[in-house]
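Ligands are counted one by one from 1 in listed order, and the atoms in each one are counted from 1 as well.
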Amino acid sequence: MKNLLDQNFEGKKVIVRVDFNVPLDEKFNVVDGSRIKAALPTINKLLNDKARVILMSHLGRPKGKEDKFSLRHVVNYLQELLGVSVSFSNDCIGPSAKKAVRKLNNGEVLILENLRFYKQEKLADEGFAKQLSDLADVYVNDAFGAAHRNHASTSTIASFFPSEKYFGLLLKNEVDSLEKALSSPQKPLTAVIGGAKISGKIDVITSLLEKVDSLIIGGGMAYTFAKAIGGKTGTSLVEEDRVDLASFIIHKSTELGVKLLLPVDSINANGFNNDADIKISNILNIQDSYMGLDIGEESVCLFSKEIENSKTIIWNGPMGVFEMSNFENGTKKIGEAICKSTANGAFSLVGGGDSVAAIKKFNLEDKVSYISTGGGAMLEYLEGKELPGVKAILK
Ligand code: AMP
């Protein structure tokens, strides 16, 4: 596979699948442009080469052509970031897209209208992908956030560029970091999994069990494990239909020689709010009418020690309801332990919407090795699945 950085694309029409699916306010201003900023290294590389850069993306979940989901809303934002003029085509295929591309000079940028205005995008339609491909000489995929989707612009289109298809710099970084953490990790490898429920992460947990030395479980899902080992869980978030599954994971980890660490103590509240009455207890002995909303100090110490002895750490999901100040401590302390381990030479990979939000809330984002931008794509990668967007470039 050819590397984008080894090529010069002067004068070439390069179509780049980016992930500009950003939140907009009611006046259609970009609220959080992190995803746009994440694509800048690739765009700047192409601009420095004096390529003609054609950007395509989806935005939201439009039902047909809905102006509130128009990519026109991000043009000014990108223009300010790049400092070059950015043009816009109000269709992503057809005569107007072709005309906009013809007008594009070397070193200029064009954004195409939302790909999902056509239902063919999500259907991975070949004819639609062919029309997109007709606009360019080279295809680059830099949309890690959409790499787990088998769509026309993320997957089908690659076949029309048998030798001129590349990973963008963001996508390459994501894949390299995940590979580093999973395929050839420095040992010991520890996964820290938290969040609300086991049900959403069961495939991740079972796949990781085959790879990790230690598995730390926190967050809401820990209470289903507590129930599985005969604990009294009060009104905590227990998934009754997953108790057997939790028992199976406990059994499997012993069989595989994986050290499974569950919280030992729990911060409990008599309501799901920050002003509720708080009681601390052993996680196996939570008072009736109280629910566990965070891990306690003993668990923090236990988990931190394990993290600090690890050489590779994967973190997905908070340890408690970190959005509320009274239940943020566990997540904050575990985040800090991961940063400390990173400072001592470990490689740490953080991903999944809520863990990234937590890392940002506690200002730790510069202290971990890598923050993944694609929650869904990262989870599927951790589940051991092949990502269609990655496969299409490699084959
Ligand atoms: P997920 O999207 O599955 O990673 O879940 C993240 C959410 O889990 C966050 O919004 C947390 O507030 C929530 N969460 C973490 N710990 C608990 C808990 N003990 N009880 C209820 N919700 C929790």
Side-chain angles (χ1 to χ4, degrees), residues 145 148 191-208 215-228 231-243 245-246 249 261-287 289-300 303 314-335 338 349-362 371-383:
H148 57 313
V192 183
I193 306 291
K197 294 177 173 183
I198 302 186
S199 44
K201 302 212 173 139
I202 182 59
D203 291 337
V204 174
I205 295 173
T206 37
S207 165
L208 283 175
L215 175 64
I216 293 175
I217 300 277
M221 69 175 73
Y223 300 91
T224 302
F225 281 88
K227 186 84 186 256
K232 264 179 71 209
T233 49
T235 55
S236 305
L237 183 67
V238 169
E239 291 171 276
E240 294 293 347
D241 56 340
R242 304 291 154 137
V243 173
L245 190 63
I249 292 168
L261 283 87
L262 298 170
V264 284
D265 53 351
S266 171
I267 316 263
N268 314 315
N270 64 351
F272 191 78
N273 63 74
N274 205 38
D275 304 319
D277 183 51
I278 292 176
K279 285 196 165 115
I280 301 171
S281 76
N282 186 296
I283 197 166
L284 300 178
N285 196 17
I286 297 174
Q287 306 83 336
S289 76
Y290 277 71
M291 62 180 83
L293 295 183
D294 195 9
I295 58 172
E297 273 303 331
E298 259 187 78
S299 313
V300 166
F303 292 178
I314 297 168
W315 184 22
N316 179 288
M319 296 290 100
V321 185
F322 74 99
E323 298 93 336
M324 299 181 195
S325 60
N326 284 335
F327 311 106
E328 67 176 20
N329 184 62
T331 305
K332 183 167 183 239
K333 293 277 175 60
I334 294 311
I338 293 173
L349 176 76
V350 182
D354 277 310
S355 345
V356 178
I359 278 272
K360 285 189 176 162
K361 177 172 183 191
F362 305 125
I371 298 180
S372 178
T373 55
M378 178 184 170
L379 281 181
E380 292 206 9
Y381 199 99
L382 295 182
E383 285 167 16

Ser207-Glu383 side chain donor-acceptor pair, cut-off 3.5 Å = no

request  = Can you measure from CE (Met221) to CD1 (Ile193) and round to the nearest 0.5 angstrom?
outcome  = 7.0 Å

message = Main chain of Gly351, side chain of Ser372: is a donor-acceptor contact present, judged purely on distance under 3.5 Å?
response = no

task = Flag the pair Lys227 and Glu240 as a salt bridge only when some basic side-chain nitrogen lies within less than 4.0 angstrom of an acidic carboxylate oxygen.
result = yes

message = Under a 4.0 Å threshold between the charged nitrogen and the carboxylate oxygen, would Lys361 count as salt-bridged to Glu323?
response = no

Do any nitrogen or oxygen atoms of ligand 1 lie under 3.5 Å from a protein nitrogen or oxygen, and which ones?
unit_1   : atom_1 : unit_2 : atom_2 : d
ligand 1 : 2 (O)  : Asp354 : OD2    : 3.3
ligand 1 : 3 (O)  : Ala196 : N      : 3.2
ligand 1 : 4 (O)  : Lys201 : NZ     : 2.8
ligand 1 : 5 (O)  : Ala196 : N      : 3.0
ligand 1 : 8 (O)  : Ala196 : N      : 3.2
ligand 1 : 10 (O) : Glu323 : OE2    : 2.5
ligand 1 : 12 (O) : Glu323 : OE1    : 2.7
ligand 1 : 12 (O) : Glu323 : OE2    : 3.4
ligand 1 : 16 (N) : Gly220 : N      : 3.2
ligand 1 : 19 (N) : Gly292 : O      : 3.0

Show me the donor-acceptor pairs, under 3.5 Å and distance only, between side chains in residues 261-271 and residues at least two apart or in other chains.
unit_1 : atom_1 : unit_2 : atom_2 : d
Asp265 : OD1    : Gly296 : N      : 3.4
Asp265 : OD1    : Ser299 : N      : 2.9
Asp265 : OD1    : Ser299 : OG     : 2.4
Asp265 : OD2    : Glu297 : N      : 3.3
Asp265 : OD2    : Glu298 : N      : 2.9
Ser266 : OG     : Tyr223 : OH     : 2.9
Ser266 : OG     : Asn268 : OD1    : 2.6
Asn268 : ND2    : Lys279 : O      : 3.4
Asn268 : ND2    : Ser281 : OG     : 2.9
Asn268 : ND2    : Gln287 : OE1    : 3.4
Asn270 : OD1    : Asp277 : N      : 2.9

